[in-house]
> 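Quick one: this structure, given as structure tokens, is what I'll be asking you about.
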Amino acid sequence: MTRALALIDGNSFYCSCERVFDPRLERRPVIVLSNNDGCAVARTAEAKALGIGMGAPYFKIRALCEREGVVAFSSNYALYGDMSRRMNQLYQQFSPEIEIYSIDESFLDVSPLPATQRTEWAADLRATTRQWTGIPTCVGIGPTKTLAKLANKAAKRLPAGVLDLSDEQVRREVMASFPAADVWGLGRASQAKLASVGITTAAQVRDMDPKLARHLMTVVGERIVHELNGRACIELEAVAPTRKGCAVTRSFGTRVTAKIDMEQAVAGYATRLGEKLRRHGLATDHVTVFMHTSPFDEEGPQRSVSMTIDIPEATNDSLELIRVARRAVDGLWRSGFRYSKAGIITDDLVPPPVPQRALFDNLDHERAAKVMAAMDEANRRWGRATVVPAAVGVAMKSAFLTKFERRSPRYTTRWAELPFVR
DNA sequence: TCTGGGGTCCTAGGACCC
DNA sequence: TCTGGGGTCCTAGGACCC
């Protein structure tokens, strides 16, 4: 049985989610903006055709958008996450071995399927996804993850939206004209190194001496060469490994110059960090807080600082995290700067400590856990930040907080925002 | 004058991904 | 005026030890 993996992904995924609930967007250029309405992170084919690049700052393309009738949305992660969940549920029926790789991409193991049936299987998967969720997709198939990714990308240009690269000969033809820059794992730095030795296509990368690849691009580059040759180095991870780190970072809607605003914002991030840790059943015994001015600010002094603080016992209690974060802000704060962004980061996540019955402060621990559980439940039921610790103040509703001026309704996760059919 | 060597662990920073 | 957020992996180099 030859190994075969399929990669299915949503076309212009965030934009397609918006289209599902507003058919008037069909055939119109649509983009979805990053947090803070900062830059374009998803574009439909029509928007790409207008020259809107990935990551284009919105304030620079705004005039173009208005002139050309581009519909711009703030990102609506509640909606995209829910659509993603539905798609993956559906995929389970097509293959029991599935790895959810990102919000819009999943690898499916299709090895048990006879090679002659794979294209038909993929077409069926694609059609069913379209019918059940409304999301258009493409499917690429290959003997390794890197080749499945490559097939998927090449499939984007085909009307069928499906490409099976199981066959060596087909593979050679496709790779001859496939840019090295589009190979999964080859970023800007690698491209420059490859170009310096005259390598610009996927076929040339495939034919490299693995030792040269390693020399230029470390073991990561060597693996890519093997993967392009059909020798698997990257396994399918049907069981998601435990998360290693966790972060909450945000740019401010407007610059922060007052310490109280910074304290409240970081308290808000600490609260959110606690929520995420509790949801994953994890804890941490140290956090790093950072703040910095904007590297795009021409005038005014720049400042970028961070501080890591140890916590005596691993915790996921938001109030404890707020106390620690506040100490960090105290240590880091200097006035006279226009701060544009701050965040709280932690790595080396551990399971929460088992309560020690004999420990004298056990009651405090239990009480804290109950408070957090109640807060999580309230926020789950009535929406994020319905209940927040007092230290967060009104930060979650303040002007300097993230902008979402163009967000669509959360059609699928809020009763109040259900779509209407007339 | 001549001043070891090798192992492990940790961290910061780079690179890449979506 | 206005330029995202959140992950993973790898390596070099320092600290430390015997």
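The sequence lines fix the lettering, A, B, ..., with proteins before strands; numbering per chain opens at 1.
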> Where the side chain of R414(A) meets the backbone of P409(A), is there a donor-acceptor pair that is under 3.5 Å apart?
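Looks like no, no N/O pair under 3.5 Å.
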> Between I345(A) (CD1) and dT11(B) (P), how many Å, whole number?
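I345(A) atom CD1 is separated from dT11(B) atom P by 15 Å.
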> With distance as the sole test, does S306(A) use its side chain to make a donor-acceptor pair with the main-chain N or O of F290(A) at under 3.5 Å?
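No; judged by distance alone, with no hydrogens or angles, the pair does not exist.
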> Taking CG from L349(A) and C1' from dG6(C), how many angstroms apart are they, rounded to a whole number?
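Result: 13 Å.
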> Both D297(A) and H280(A) contact DNA chain C. Taking the nearest nucleotide for each, which residue is further toward the 5' end?
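Whichever sits nearer the 5' end wins; that is D297(A).
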> Taking 4.0 Å as the cut-off, does a side-chain nitrogen or oxygen of R62(A) come that near to OP1 or OP2 on dT1(C)?
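No, outside the criterion.
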> Under 4.0 Å between a side-chain N or O of T249(A) and OP1 or OP2 of dG4(C)?
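No, outside the criterion.
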> Out of dC10(C), dG4(C), dT3(C), which nucleotide sits closest to the side chain of R255(A)?
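The answer is dT3(C).
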> Starting at atom CG of L282(A), determine the distance to atom C1' of dG7(C), rounded to an integer number of angstrom.
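Result: 14 Å.
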> With rounding to whole Å, what would you report as the distance between dG4(B) and dC16(C) at their C1' atoms?
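Comparing C1' positions in dG4(B) and dC16(C) gives a spacing of 15 Å.
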> Counting only N and O atoms by type, is there a donor-acceptor contact under 3.5 Å from the side chain of T201(A) to the main-chain atoms of Q204(A)?
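Confirmed, T201(A) side chain pairs with Q204(A) backbone.
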> Using a cut-off of 4.0 Å between protein heavy atoms and nucleotide atoms, how would you tag nucleotides 13-18 of chain B 5' to 3' with B, S and -?
--SSSS
> Is the shortest side-chain N/O distance from R243(A) to OP1 or OP2 of dG7(C) below 4.0 Å?
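Checking dG7(C) against R243(A), a side-chain N or O does come within under 4.0 Å of OP1 or OP2.
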> Return the nearest nucleotide to the side chain of T218(A); candidates are dC10(C), dC2(C), dG6(C).
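For the T218(A) side chain, the nearest candidate turns out to be dC10(C).
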> Any donor-acceptor pair under 3.5 Å linking the side chain of E377(A) with the backbone of M372(A)?
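No: the side chain of E377(A) does not pair with the backbone of M372(A).
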> Between F94(A) and W132(A), does the ring centroid distance fall short of 6.0 Å?
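They do not qualify: ring centres at least 6.0 Å apart.
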> What is the distance, to the nearest angstrom, from the CG atom on L216(A) to the P atom on dC10(C)?
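Value for this atom pair: 18 Å.
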> Hey, does the side chain of K341(A) come within less than 4.0 Å of dT3(C)'s phosphate (OP1/OP2), counting only N and O?
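False: K341(A) side-chain N/O out of range (4.0 Å or more) of dT3(C) OP1/OP2.
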> Over 60° means perpendicular and under 30° means parallel, so tell me whether Y80(A) and Y14(A) are parallel, tilted or perpendicular.
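Y80(A) vs Y14(A) ring planes: parallel.
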> For R214(A) and V41(A), find the nucleotide of DNA chain C closest to each by heavy atoms; which residue's nucleotide sits nearer the 5' end?
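Upstream on the strand: V41(A).
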> For the pair made of NZ in K60(A) and P in dG4(C), what is the distance, rounded to whole Å?
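It works out to 11 Å between those atoms.
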> Is the backbone N or O of G69(A) less than 3.5 Å from a side-chain atom of R28(A), with the two atoms forming a donor-acceptor pair by type?
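Checked: pair present.
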> Carefully, step by step, assess W184(A) and F178(A) under the rule ring pair (Phe, Tyr, Trp, His ring centres under 6.0 Å).
CA-CA 12 Å; W184(A) 188 41; F178(A) 193 94; over 10 Å; no
> I'd like to know if the side chain of N229(A) and the backbone of R231(A) have a donor-acceptor N/O pair within less than 3.5 Å.
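A pair under 3.5 Å: no.
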> When you get a sec, tell me which of dT3(C), dC10(C), dG7(C) is the closest nucleotide to the side chain of C246(A)?
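Output: dG7(C).
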> Let's test your reading of the pairing rules: Watson-Crick or G-U wobble, both distances under 3.5 Å, then write DNA chain C as a dot-bracket string with ( ), [ ], | and dots.
....||||||||||||||
> Judged by atom type as modelled, is there a donor-acceptor pair below 3.5 Å linking the side chain of E227(A) to the main-chain atoms of I234(A)?
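Present.
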> Report the distance from atom NZ of K145(A) to atom P of dC9(C), rounded to the nearest whole Å.
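Spelled out: NZ on K145(A) to P on dC9(C) is 11 Å.
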> Select one nucleotide: of dT3(C), dC2(C), dG6(C), the one nearest the side-chain heavy atoms of R338(A).
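Per side-chain heavy atoms of R338(A), the pick is dC2(C).
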> Round to the nearest Å and state the distance from N35(A) atom CG to dG6(C) atom P.
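Rounding to the nearest Å, CG of N35(A) and P of dG6(C) are 7 Å apart.
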